[in-house]
Protein chains: 2
Amino acid sequence: MDKTTVKVTRSILKGAPEPTLRRLPLYYRLLKQLRETTGRTGISCTVIGSELKLDATQVRKDIEMTGTVGRPKVGYEINELISAIERFLGWDKITEAFLVGAGNLGEALMGYPGFTDCGLSIVAAFDVDPNKCHRVIHGKHVRHISKLTGLMRRMRVQFGIITVPGEHAQQAADLLVEGGAMAIWNFAPVKIHVPENVIVTNEDLYCSLAVLSQKMTRRLAETRSKGAVKS
Amino acid sequence: MDKTTVKVTRSILKGAPEPTLRRLPLYYRLLKQLRETTGRTGISCTVIGSELKLDATQVRKDIEMTGTVGRPKVGYEINELISAIERFLGWDKITEAFLVGAGNLGEALMGYPGFTDCGLSIVAAFDVDPNKCHRVIHGKHVRHISKLTGLMRRMRVQFGIITVPGEHAQQAADLLVEGGAMAIWNFAPVKIHVPENVIVTNEDLYCSLAVLSQKMTRRLAETRSKGAVKS
DNA sequence: AACTAATAGAGAATTTATTCTCGATATTTA
DNA sequence: TAAATATCGAGAATAAATTCTCTATTAGTT
Ligand SMILES: NC(=O)c1ccc[n+]([C@@H]2O[C@H](COP(=O)([O-])OP(=O)(O)OC[C@H]3O[C@@H](n4cnc5c(N)ncnc54)[C@H](O)[C@@H]3O)[C@@H](O)[C@H]2O)c1
Ligand SMILES: NC(=O)c1ccc[n+]([C@@H]2O[C@H](COP(=O)([O-])OP(=O)(O)OC[C@H]3O[C@@H](n4cnc5c(N)ncnc54)[C@H](O)[C@@H]3O)[C@@H](O)[C@H]2O)c1
């Protein structure tokens, strides 16, 4: 067993570091785009790095986690790399999902075609509001929330997306767990509590906005103080 | 100048580490919620930590960045902490923003009342599609994209939100920069190129989905291999 | 008043992530 | 064929983030 194999095995056992996981989609998109727009079949970490403004070594280490091996002076095979990332992230298989809360955000997600890239398929949505139910949005049925658990078990859906208002997010999570959810993608700005074996990721807009706001605030403060010095 | 002052000064000069910035909104929400639902006026890192499943020391270090000082055995004043976070992130001031791309996601963002917490106010939206223009969505006007640059300069709006399809994101960014944007919140899944002095944050759904997918894939692999061992 | 328990704050230790350095290898060019 | 060059892959070095340890302080309790 060579060293690459050891690393890949570790990446499967312990999981890749989160920063790596968050960068892989960036490579993935770039590679797909390159494959479509240009005719090239190979790529090096140097190029990926300069394109995405990342350190080439970092790119190489990230790619290493997926198990792809490259060749000196040449780089990696684009197709091979794309499949490796897909396989590593589980994007090569279709994952069916239920969405809870067919409001503004829920509808936008239901209509988003881009999720097919990740193998994510929202198969149905659920809502408490009778006016929202029995409609078909972007080709998907909206059903009453009371049907969720039963249908989820019957259809063996294991992925849930929460887009209800914060105060109902825990209730939505409970229903998803009862239905057998294994993973939940939570868009509500609250911490939800689930059993240990359920994986939760929060999509928290406030978190990224905080990064942006603080940078902006600092920039403004700098400009002001410099201006003061000048005047 | 005491040590706390030194730390705060540094946090203003060099900026807080990004992980800290991303956690501050979590504290902020918890505190607001506690203030509203319970009558308590003080809180300790221990409580915040156990509530959010974070290490108490980490919470304390994060809070330190905002300049708030606590008292042993008591903790922090909730009101004081809330204002300190607001001030630190720049959420105490209104930031007016223009949104480019009044589609599914753009409309959802325009209708989202939660941004007032961060002082973010979307004052107008812009679109190329004539059918989308001249409408009023959630109380905000949608105008033709050709008006963006002029209006932005006139109204001195410095914050842009991009919700156009990926292939037009760069164009949208260029217009925002031309209009004098200082910060851009990009929801399109592409890397946009802007001058050095413009701050960009990408809200990339694929990144968080990747974290979730990979964990799920790994979990599934484990279950399968365990099942195989058992049988 | 003394004792106990809880907590902030400082700094050290540890862990994790990123960046640097170097040797091996493959490709291209002279 | 030999030399030059770009790149991967491995490991070391560095930097950043997290966690641990200790001390001082304060509120409550006996
Ligand atoms: N709209 C945005 O741009 C945006 C941005 C960031 C976060 N969010 C978050 O996403 C969530 C949804 O936002 P939105 O703007 O779509 O809100 P919305 O009010 O438009 O939609 C919420 C939907 O959930 C349904 N609902 C309420 N309680 C329910 C329950 N117990 N079970 C099932 N369905 C239920 C409502 O009927 C409604 O259709 C909120 O938590 C919000 O904080 C939204
Ligand atoms: N819908 C989602 O849930 C979702 C999720 C993740 C990311 N995104 C990203 O957000 C962006 C918008 O998604 P959407 O679902 O709202 O798409 P959409 O097609 O519903 O809306 C895009 C809007 O942008 C407008 N537009 C196109 N080119 C423009 C230009 N040059 N200038 C101004 N306006 C222009 C279109 O007329 C349309 O109204 C896309 O980049 C998408 O990848 C969307």
Side-chain angles (χ1 to χ4, degrees), chain A residues 1-11 13-24 26-27 31 40-78 80-81 84 207 211, chain B residues 1-11 13-24 26-27 31 40-78 80-81 84 207 211:
Chain A
M1 194 147 99
D2 68 325
K3 294 202 175 161
T4 306
T5 316
V6 171
K7 276 206 183 164
V8 172
T9 308
R10 180 172 317 150
S11 81
L13 291 179
K14 303 208 338 181
E18 199 167 308
T20 294
L21 290 177
R22 300 188 71 91
R23 281 189 298 265
L24 285 174
L26 307 183
Y27 309 150
L31 294 168
R40 63 190 303 171
T41 58
I43 187 127
S44 74
C45 293
T46 321
V47 175
I48 296 178
S50 77
E51 204 68 33
L52 300 174
K53 305 242 167 71
L54 294 171
D55 184 82
T57 310
Q58 186 169 69
V59 175
R60 196 171 300 124
K61 289 232 192 287
D62 289 340
I63 288 177
E64 205 167 37
M65 296 300 280
T66 70
T68 316
V69 290
R71 286 193 308 163
K73 176 86 183 186
V74 184
Y76 304 88
E77 197 70 39
I78 290 190
E80 199 186 325
L81 200 41
C207 295
V211 178
Chain B
M1 195 147 97
D2 68 326
K3 294 201 176 161
T4 305
T5 316
V6 172
K7 276 206 184 164
V8 172
T9 307
R10 180 172 317 148
S11 81
L13 290 179
K14 304 208 338 182
E18 198 166 309
T20 294
L21 290 176
R22 299 188 73 89
R23 281 189 300 264
L24 285 174
L26 307 182
Y27 309 150
L31 294 167
R40 64 191 303 172
T41 58
I43 187 124
S44 74
C45 293
T46 321
V47 175
I48 296 178
S50 76
E51 203 69 34
L52 300 174
K53 305 243 167 68
L54 294 172
D55 184 82
T57 311
Q58 186 168 70
V59 176
R60 197 170 299 126
K61 289 232 193 289
D62 289 341
I63 288 176
E64 205 166 36
M65 297 298 281
T66 69
T68 316
V69 290
R71 285 193 307 164
K73 177 84 180 186
V74 184
Y76 304 88
E77 197 70 40
I78 291 190
E80 198 186 326
L81 200 41
C207 294
V211 177

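Labels below follow one simple rule: chain letters A, B, ... track the order of the sequence lines, proteins then strands, and each chain is numbered from 1.
- Put simply, the residue from A:Leu54, A:Leu81, A:Ile43 that forms a side-chain contact (heavy atoms from CB on, under 4.5 Å) with A:Tyr27 is A:Leu54.
- Following rounding to the nearest Å, A:Lys61 (NZ) and C:dT21 (P) show an atom-to-atom distance of 14 Å.
- Across the protein-nucleic acid pair, A:Asp62 atom CG and C:dA17 atom P stand 11 Å apart, rounded to whole Å.
- When distances run from any side-chain atom of B:Pro19 to the nucleotides D:dT18, C:dT27, D:dT7, the shortest one goes to D:dT18.
- From A:Met65, atom CE reaches atom CZ of A:Arg23 across 10.5 Å, with rounding to the nearest 0.5 Å.
- Residue order along DNA chain C, read from the 5' end via each residue's closest nucleotide, puts B:Val47 first among A:Arg23 and B:Val47.
- Within 4.0 Å of A:Arg71, counting heavy atoms only, lie sugar-phosphate atoms of the nucleic acid but no base atom.
- Taking every heavy atom of both residues into account, A:Ala56 and A:Cys45 meet most closely at O-CB, 3.6 Å.
- Look at CD on B:Glu18: it is 14 Å from P on C:dA17, rounded to the nearest Å.
- For the OP1/OP2 pair of C:dA6 and a distance below 4.0 Å, the side-chain nitrogens and oxygens of B:Arg60 include no atom meeting the criterion.
- Within 4.0 Å (heavy atoms only), A:Thr20 reaches no atom of the nucleic acid at all.
- In this structure, the CG atom of B:Leu21 is 11 Å from the P atom of D:dT18, given to the nearest Å.
- Looking at heavy-atom distances under 4.0 Å, A:Thr57 makes contact with a base.
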* To do: Please lay out, stage by stage, how A:Arg71 and A:Glu77 fare under the test side chain to side chain contact (heavy atoms under 4.5 Å, CB included).
  => CA-CA 9 Å; A:Arg71 286 193 308 163; A:Glu77 197 70 39; 5.9 Å; no
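- The distance between atom CG of A:Asp55 and atom C1' of D:dA16, rounded to the nearest whole Å, is 15 Å.
- Where A:Lys73 and A:Leu54 meet DNA chain C, the nucleotide closest to each residue was compared, and A:Leu54 sits on the side nearer the 5' end.
- With C:dT7, C:dT27, C:dT25 as the choices, the nucleotide that has an atom nearest any side-chain atom of B:Ser44 turns out to be C:dT7.
- In this structure, the nucleotide among C:dA8, D:dC20, D:dA10 sitting nearest to the side chain of A:Glu64 is D:dA10.
- Counting to the nearest Å, the P atom of D:dG9 and the CD atom of A:Gln58 are 16 Å from each other.
- Taking atom CD1 on B:Ile43 and atom P on C:dA6, their separation rounds to 16 Å, with Å as the unit.
- Summarising the geometry of A:Cys207 relative to B:Leu26, their closest heavy-atom pair is SG-CD2, 4.3 Å, with the distance given to 0.1 Å.
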